[in-house]
Structures are given as C-alpha cells and as structure tokens.
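All values below were derived from every heavy atom in this structure, side-chain atoms included, with hydrogens, water molecules and symmetry-related copies excluded.
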Amino acid sequence: MNGDGRDGFAGLDACVRCGFCLQACPTYLATGDEADGPRGRIALMREMEGGGIARGDPILHRHLDRCLGCRGCEPACPSGVGYGSALQTARERLTETRGVALRTRVLTYLFANEQMRRAVMRPLRLARSLLPRSAPRAPLPIRMLAATRPRSRARPGVPPTGSMRALLFRGCVMDDLFSHVHAATQRVLTVNGYKVLHAPGEACCGALHLHAGLPEEARALARQNARAFTGTDAIVVNSAGCGAALREYGSLLPEQESASALADRAVDVSVALTSRGPRRGGPLRLRVAYDPPCHLLHAQGVADEPLTVLQAIDGLTLATVSESEQCCGAAGLYSLLEPELSRDVLNRKIERIVAATPDVVASGNPGCIMQLGAGLAAAGCDIPVRHPVELLDDAYAAAGYY
C-alpha cells in the first residue's frame, strides 16, 4: 500500500492518454468500445478514486469486470503505467461495495479447500476419458474438460542423479487435472540435473481470489504457502498464472519476509530448464505453434525461455502465429463469468492459430490449454494443445533417456 492510501491507483498517474495501449487490448479489439480498452478503464478508475463516479455505478462494474487482466497494455505503454496494480485495487474496492457473486464465491472457495476440490475433480477426471477429442457442439465446459486429457502414455519416473534441488509447486487445477504435466515436469527436470522435491502443506496460489477482489483470502493462502515453502531451494512452477501470483507475494504480504523470499525463489519451469541447458531431446517431426500465456509473457516478462525449450527438440518446427501475444480469453474464471466476450477474444486467436497450420499448439498455463483446446474443438480442428514440457518429455523418451 502507498503511504497516501491510494494503493495501486498511484500507478495511473503516468498515463498521458496516448492510446498506444488500445491495439494491445483484446477486449477493445473485440468490441471497439473505448470503455473496454485500457485508456477508457483508466479514466473510469480515476473517476472512481476521485469520487466522480459512484462505486455502485453499473457502467463502472461492466467495463472493469470485462477486463481480462492480461496486462498486455503494460509493455505497450511508453509511460510505464502500472495498470495491473490499479485494476487490482479497483476490483477490491468494488468488491467491498457490492460483495461477490455467488458463483464466484463458490468457485474461489472450492479452489481454496483441498478436500472439497479433490472430491469435485475426481469424477471430472473419470468423465474426461469418455469425451470425444473433437466435440464442436458440446458446451464450453465440456470442451474445456476434454482439453485436459493426457495425450501421452504414462511413463515411469526417473531416478534423480543431479544435485540441484527444486521444489515443484503443484497448485490446484494443475494438480487435479494436469497431473500428467507435473509428471512430465519432474522427468525433464531430472534429466537436466535437478532433484525434484515437494512441499507438504502447500495451497492454491490465490490468483483467482486476487482477480475476484478478495485480497484477504489470497493473503491467507499466501501465508500457508510461505510456511510450506521454507528454505532456499528454487520453486519451479509450470502454471503461468500461479507463477505470476507467487512472484507478487512480496507486495501482497510486504510485512512478511518469508513471502518476499518465496517470491524471489519462484521461477517458471522454462526458466529452470534453460538455466541448465536444456539437454537436447530426440526427434519429433512436428510443426508447433507456441502461444505465450499472458501471465508468463506480460506479468513475468518470460518470452524466450519457452522457445528455447521447444528448440531443444530435434525435428520440431516453430510456426509463426500473428498476434500471438494477445490473450486467448481464458483469464482465470473469465471464460465462465464473461462467456460472450471471452468467446469473441478466443475466436480471433483461433483464426490466427489455424492460419499457421500447426500440428500442435503449446502453451504453459492450464487455463490457456483448456481455452485453446475448447476453441479449436469448436472450430472443428483436431489440433492438440499441450504444455511445452510435455513435448520435451516426448523428445526425451524418443532419445532413450527413459
């Protein structure tokens, strides 16, 4: 919090209304409405801070709720406006005024409660094996669930031989629906000299709670993780959204030294791998379109490392996708809370991916994998969406490393 009590709103002071942010904003490109772009939302947030517009105003709610929070406007801004922190402050204050919608409250509670979450996810994991790979007319949640299904056969673990220790952040959605990605992550890290460990007592990262304007719930989860991830070992994260949340624990809990230490130790799996090579894999004759998750590219500034991971695979060709830096419309719970605009944003993305004619789409975030998989299925395209470490895992199997 700033000393003057403005919280994140102080980050808006640098805005000169130049408009460079507009073409970087997926919702503005989808609607053409100034109020659905960063410049218009900044004006609304300034009015809210100054009292020119009431917190209960439906126009304010509509346009701030429709923001994806992708932060694509930040690197496009020549003035360095801190849009993301201002949006977070605005959403917290709106939540104080109007409360939280029941659907959002239920979902955020579910992800924070491990026992309940596992009870709900277990039948979903069983159901996804019965779903067709391409179901263009199925409801969005069904297509998203189908996208979580493993594409490779299960492989045995690899005995650790390296001395570099790393703690794998398991999270909630990743642990329940993408455990196959965790297994692949552990194998490829081991091949690159890591001894992969786990932290008992870890919790959801709290990203969904922050997005919903529930900072106290997010802080409670951050405190639990700070207690779980003690020591000095690197914390490797294979979910871009979780990684971005963990790396902001220092500002979320500024008074807690262990939270800042955790934030400094959290690294994306692609960063961990490129710091050790990565070791080259065997041939995969695939044309791959890499789609960078917003919370990896924009929030964490990780751009080259995932490409380096993919380039360690012999025979793999990277397809060029126009506007690949644009959000896919997943944005945590956004696709469930704002389905129409999410679909409009996604359709633009899918058109560009299909034009690149890939065999596989690679993305390092569970929400993106599910959203892109659902969009490709709706378009009648049987193109799988996989995490980059899954492809490296296949390449290592092809090379005979395990």
Side-chain angles (χ1 to χ4, degrees), residues 150-171 174-175 178-200 202 205 225 228-240 242-244 246-247 261-284 286 288 290 292-293 296-297 300-316 318 360 362-366 386-402:
R151 292 275 179 159
S152 295
R153 292 183 298 174
R155 298 188 174 107
V158 184
T161 56
S163 57
M164 179 72 74
R165 290 162 49 103
L167 294 164
L168 177 62
F169 183 79
R170 302 191 69 86
M174 284 300 294
D175 207 31
F178 292 91
S179 59
H180 54 285
V181 176
H182 280 334
T185 298
Q186 184 156 336
R187 285 190 294 267
V188 301
L189 287 171
T190 302
V191 168
N192 284 278
Y194 286 95
K195 181 179 181 181
V196 183
L197 306 171
H198 302 284
E202 70 168 274
C205 67
N225 282 323
F229 287 93
T230 56
T232 59
D233 299 322
I235 302 167
V236 177
V237 193
N238 54 19
S239 164
C242 294
L246 294 178
R247 290 181 62 81
L262 186 158
D264 292 339
R265 291 157 53 211
V267 295
D268 186 72
V269 62
S270 64
V271 175
L273 287 168
T274 52
S275 71
R276 306 286 290 178
R279 190 174 180 183
R280 291 202 66 80
L284 296 181
L286 293 174
V288 177
Y290 172 64
L296 189 61
L297 179 63
Q300 298 184 62
V302 175
D304 296 332
E305 288 86 348
L307 299 175
T308 300
V309 168
L310 294 171
Q311 288 164 350
I313 301 172
D314 287 339
L316 185 147
L318 285 171
V360 178
S363 190
N365 190 61
R386 306 182 68 195
H387 197 290
V389 299
E390 291 186 89
L391 297 175
L392 187 61
D393 182 48
D394 286 350
Y396 283 176
Y401 296 154
Y402 37 81

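Summarising the geometry of His387 relative to Asn238, their closest heavy-atom pair is NE2-O, 2.8 Å, with the distance given to 0.1 Å. Counting all heavy atoms, side chain and backbone alike, Pro160 lies closest to Thr190 at CA-CG2, 3.8 Å. For the pair Leu246 and Ala266, the tightest heavy-atom approach, listed with the atom from each and the gap, is CB-CB, 4.0 Å. Among all heavy-atom pairs drawn from Pro283 and Ala398, the shortest one is O-CB, 4.1 Å. Counting all heavy atoms, side chain and backbone alike, Gly282 lies closest to Ala399 at N-CB, 3.4 Å. Nearest heavy-atom pair, Ala272 versus Arg276, reported as atom, atom and distance to 0.1 Å: O-CG, 3.5 Å.
A salt bridge between Arg187 and Asp394 is absent, with no side-chain N of the basic residue lying under 4.0 Å from a carboxylate O of the acidic one.
A donor-acceptor pair is defined here as one N or O able to donate and one able to accept, closer than 3.5 Å; no such pair exists between the side chain of Arg247 and the backbone of Val267. Counting only distance, with no hydrogens or angles, the side chain of Gln300 and the backbone of Ala240 share a donor-acceptor pair below 3.5 Å.
In this structure, Tyr402 and Tyr396 have perpendicular ring planes: the angle between them is above 60°, well past the 30° mark.
At least one side-chain heavy atom of Leu273 sits under 4.5 Å from a side-chain heavy atom of Val389. At a threshold of 4.5 Å between non-hydrogen side-chain atoms, the residues Val360 and Arg151 do not count as touching. Residues Asn365 and Leu296 form no side-chain contact, since every pair of their non-hydrogen atoms from C-beta on lies 4.5 Å or further apart. For the pair Val188 and Val158, the minimum side-chain heavy-atom distance is 4.5 Å or more. For the pair Asp268/Glu305, no side-chain contact is recorded, criterion being any heavy-atom separation below 4.5 Å from C-beta on. In this structure, the side chains of Thr308 and Pro278 come closer than 4.5 Å at one or more pairs of heavy atoms.
His182 meets the ring pair (Phe, Tyr, Trp, His ring centres under 6.0 Å) test with no other residue; sequence neighbours excluded. For the ring pair (Phe, Tyr, Trp, His ring centres under 6.0 Å) test, no residue two or more places apart in sequence or in another chain qualifies with Tyr194.
Here Leu297 contributes atom CG and Tyr290 contributes atom OH; the two are 7.0 Å apart, rounded to the nearest 0.5 Å. Note: Gln311 CD to Leu392 CG = 12.0 Å, rounded to the nearest 0.5 Å. To the nearest 0.5 Å, atoms CG (Leu168) and CG (Leu189) are separated by 7.5 Å. Between the CG atom in Asp314 and the CZ atom in Arg280 there is a gap of 4.5 Å [rounded to 0.5 Å]. To the nearest 0.5 angstrom, Leu167 atom CG is 6.5 Å from Arg265 atom CZ. Considering CD of Glu390 and OG of Ser152, their distance stands at 6.0 Å, rounded to 0.5 Å.
Judged by the 6.0 Å distance and 45° axis criteria, Arg279 is positioned over the aromatic ring of Tyr401.
The side chain to side chain donor-acceptor pair (under 3.5 Å) analysis of residues 157-171, with sequence neighbours excluded, yields the pairs Arg165-Asp233, Arg170-Asp175, Arg170-His198.
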